[in-house]
Student: 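Here it is, the structure, as structure tokens.
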Amino acid sequence: MPHVLKAPLVVQFPFTRSLGPVQSAFLTGLRERVVLGVRATDSRVLVPPVEYDPVTAEELRDLVEVAPTGTVTTWAWNHAPRRGQPLDTPFAWVLVRLDGADTALLHALDAPGPDAVRTGMRVRVRWAREPSGAITDIACFEPYDGDPVHVAGSSGEFEEPVGGIVAEARLDYTYSPGRAQSAYIDALAEHRIVGERCPSCRKVYVPPRGACPTCGVATAEQVEVGPRGTVTTFCIVNIKASHTANADIEVPYVYAHIALDGADLALHGRIGGIPYDQVRMGLRVEPVWTRGARHPDHYRPTGEPDAQYDTYKELL
């Protein structure tokens, strides 16, 4: 069987979002170890609270304190917790209807095993040691067999309300590039660039995809291309990157589409070794490899005359 690579990949997009008056009060309340819901137009208490009635779409502002104790309405056992989940040992995901609420809140239940969890069991909030004004201020739920907890009836008025949160959107997964791209990556480790030729239209695609994107037929014939190529189009980057391979590159810099000699599809790469305002369409470039890298660090001018527009216009 052909050699196929695999690698762990992370897609991460943390972003900051502002909070309206209802969600601000909810998260500020959690920071103060108070759970707030909101009263809907039909008198139900919704936890977590929403800003607009889910039935009538009317704006909601009537905040109601509910108890930190409640009842499990349904659950599912998580035998293998993942990064960023509430607990690092097996736990149950539970929907809990807190005392005084009419809807259920999703969170984690710390339990010794699935046999210890059941619908209808009583639980209570386990608060985080260092609250920050986030849903994680509820560290988890834990089994509870005491009396219902009476609440004082907070109005939701707190000092220094939470005005925004950072949502840590992240996806961890294992990626396998397949036969064609595995061969492409292996060749890069040898400082070679290979594509595959379509048996129908005879175009050479880099990176190869295992099938022709134009004809839809499978490809297998490997073709070594480049390493030199021509800048077809480009953009000037003026915003400094963060948390990426380009985080240490000073701005402005240029990213370009580069048509490698012998290829029928342009790939992209950073242009270096030349001031950003001297990069132009038709510029002839070659790859620069750094020690131990599996791909070119950047492309630099070869010193050749610029390519004529007619030679690359079909690759724009």
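The first residue of the sequence shown is numbered 1, and numbering continues consecutively from there.
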Student: Would one find more than 12 heavy atoms of other residues, nucleotides or ligands at under 6.0 Å from atom OH of Tyr173?
Tutor: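 Above 12, so yes.
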Student: Ignoring hydrogens, what is the shortest heavy-atom contact between Thr56 and Asp53? Give both atom names and the distance.
Tutor: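 Minimum heavy-atom separation between Thr56 and Asp53: N-OD1, 3.0 Å.
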Student: For residues Leu30 and Pro131, determine if any side-chain heavy atom of one lies less than 4.5 Å from a side-chain heavy atom of the other.
Tutor: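 Not touching, per the 4.5 Å side-chain cut-off.
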Student: Is there side-chain contact between Leu109 and Phe91, with at least one heavy-atom pair below 4.5 Å?
Tutor: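 Answer no - side chains too far apart.
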Student: Looking at Glu160, I'd like to know if its CD atom is crowded, meaning that more than 12 non-hydrogen atoms belonging to other residues, nucleotides or ligands lie closer than 6.0 Å.
Tutor: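 No, CD of Glu160 has 12 or fewer neighbouring heavy atoms, counting only those of other groups under 6.0 Å.
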Student: To the closest 0.5 Å, what do you measure between CD (Glu51) and CG (Leu19)?
Tutor: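 Taking CD in Glu51 and CG in Leu19, the distance rounds to 8.5 Å.
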Student: Is Thr233 reaching over with its side chain to a backbone N or O of His257, donor-acceptor style, under 3.5 angstrom?
Tutor: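 Answer holds: no.
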Student: Treating Ile, Leu, Val, Met, Phe, Trp and Tyr as nodes and any side-chain heavy-atom pair under 4.5 angstrom as an edge, say whether Val217 and Val206 lie in one connected cluster.
Tutor: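 No, because Val217 and Val206 fall into different hydrophobic clusters, even though each may have its own neighbours under 4.5 Å.
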Student: Output yes when a side-chain donor or acceptor of Asp297 lies under 3.5 Å from a complementary backbone atom of Thr290, and no otherwise.
Tutor: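 Side chain of Asp297 to backbone of Thr290, a donor-acceptor pair under 3.5 Å: no, none is there.
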Student: Can you see whether Arg97 engages Thr103 through a side-chain donor-acceptor pair at a distance of less than 3.5 angstrom?
Tutor: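 No.
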Student: Quick check: do Ile185 and Pro177 have side-chain heavy atoms less than 4.5 Å from each other?
Tutor: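 Ile185 reaches Pro177 side chain to side chain.
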Student: Tell me whether Asp277 at atom CG has more than 12 heavy atoms from other residues, nucleotides or ligands lying less than 6.0 Å away.
Tutor: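 Yes.
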Student: Decide whether Leu46 and Leu95 are clustered together by the hydrophobic rule: side chain heavy atoms of Ile, Leu, Val, Met, Phe, Trp, Tyr closer than 4.5 Å, transitively.
Tutor: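 No, Leu46 does not connect to Leu95 through the hydrophobic network.
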Student: In terms of hydrophobic clusters joined by side-chain contacts under 4.5 Å, are Val35 and Phe158 together?
Tutor: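 Not linked; separate clusters.
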Student: So His298 and Tyr253, do their side chains get closer than 4.5 Å, heavy atoms only?
Tutor: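 The answer is no, as the side chains (C-beta and beyond) never meet within the 4.5 Å cut-off.
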Student: When you compare the side chain of Pro48 with that of Leu105, does any pair of heavy atoms fall below 4.5 Å?
Tutor: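 The answer is yes; the side chains approach within 4.5 Å.
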Student: One thing to verify: whether Glu190 and Arg192 come together as a salt bridge, which I'm taking to mean a side-chain N less than 4.0 angstrom from a carboxylate O.
Tutor: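 Looking at Arg192 and Glu190, the cut-off is met.
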Student: Provide the full list of ring pair (Phe, Tyr, Trp, His ring centres under 6.0 Å) pairs with a residue in residues 177-218, sequence neighbours left out, each pair given once.
Tutor: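 Residue pairs passing ring pair (Phe, Tyr, Trp, His ring centres under 6.0 Å), neighbours aside: His191-Trp289.
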Student: Using the rule given for salt bridge (Lys or Arg N to Asp or Glu O under 4.0 Å), can you reason through Asp172 versus Arg82, listing the C-alpha separation, both sets of side-chain angles and the distance that settles it, and then say yes or no?
Tutor: CA-CA 9 Å; Asp172 295 75; Arg82 296 186 177 184; over 6 Å; no
Student: Any donor and acceptor pair, going by atom type alone, linking the side chain of Ser176 with main-chain N or O of Leu5 inside 3.5 Å?
Tutor: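 Yes, the answer is positive, given that a donor and an acceptor are paired below the 3.5 Å cut-off.
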Student: Out of curiosity, does Val123 fall in the hydrophobic cluster containing Val34 (side-chain heavy atoms, cut-off under 4.5 Å, transitive links)?
Tutor: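 Each belongs to a different hydrophobic cluster.
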Student: For a 4.5 angstrom cut-off between non-hydrogen side-chain atoms, does Arg284 reach Asp261?
Tutor: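 They are in side-chain contact.
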Student: Tell me, please, which residues at least two apart from Arg280 pass side-chain contact (heavy atoms from CB on, under 4.5 Å).
Tutor: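 Partners of Arg280 under the side-chain contact (heavy atoms from CB on, under 4.5 Å) test: Ile274, Leu283, Asp306.
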Student: Look up atom CZ in Arg44 and atom CZ in Arg39, then write down how far apart they are to the nearest 0.5 Å.
Tutor: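 Arg44 atom CZ to Arg39 atom CZ measures 12.0 Å (nearest 0.5 Å).
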Student: What about Met121 and Ile138, same hydrophobic cluster or not, with Ile/Leu/Val/Met/Phe/Trp/Tyr joined at side-chain heavy-atom distances under 4.5 Å?
Tutor: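 As far as the 4.5 Å side-chain criterion goes, Ile138 and Met121 are connected within one cluster.
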Student: Starting from the C-alpha separation in whole Å, work towards a yes-or-no answer on salt bridge (Lys or Arg N to Asp or Glu O under 4.0 Å) for Glu159 and Arg31.
Tutor: CA-CA 11 Å; Glu159 295 183 2; Arg31 188 188 66 194; over 6 Å; no
Student: Atom CH2 in Trp75, atom OG1 in Thr73: separation rounded to 0.5 Å?
Tutor: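 One gets 12.5 Å once the value is rounded to the nearest 0.5 Å.
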Student: Enter the distance from Cys140:SG to Gln85:CD here, rounded to the nearest 0.5 Å.
Tutor: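 Answer for the SG-CD pair, Cys140 versus Gln85, is 13.0 Å.
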Student: Compare all side-chain heavy atoms of Leu63 with those of Val22 and state whether any distance is below 4.5 angstrom.
Tutor: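 In short, these two side chains touch, coming nearer than 4.5 Å.
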Student: Would a 4.5 Å heavy-atom cut-off, applied to side chains only, mark Arg209 and Leu265 as touching?
Tutor: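 Sidechains of Leu265 and Arg209: in contact.
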Student: Give me the atom names and distance for the closest heavy-atom approach of Asn238 to Pro252.
Tutor: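 Heavy-atom minimum between the residues: OD1-CB, 3.4 Å.
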Student: So which atom in Pro208 and which in Gln181 form the shortest heavy-atom distance, rounded to 0.1 Å?
Tutor: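 Between these two residues, the closest heavy atoms are O-CG, 3.1 Å.
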Student: Sub-3.5 Å donor-acceptor pair from the side chain of Thr219 to the main-chain atoms of Cys198, do we have one?
Tutor: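 Checked: no pair found.
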Student: Please report the interatomic distance CG(Asp264) to SG(Cys201), rounded to the nearest 0.5 Å.
Tutor: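 Between atom CG of Asp264 and atom SG of Cys201 there are 7.5 Å.
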Student: Write down the atom of Ala169, the atom of Phe15, and the distance for their closest heavy-atom approach.
Tutor: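 Looking at all heavy atoms of both residues, the shortest contact is CB-CE2, 4.5 Å.
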Student: If you measure from the Lys or Arg side-chain nitrogens to the Asp or Glu carboxylate oxygens, is any gap between Arg179 and Glu196 under 4.0 Å?
Tutor: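 Answer for the salt bridge query: yes.
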Student: Supply the atom-to-atom distance Thr232 OG1 to His268 NE2, rounded to the nearest 0.5 angstrom.
Tutor: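 Answer for the OG1-NE2 pair, Thr232 versus His268, is 12.0 Å.
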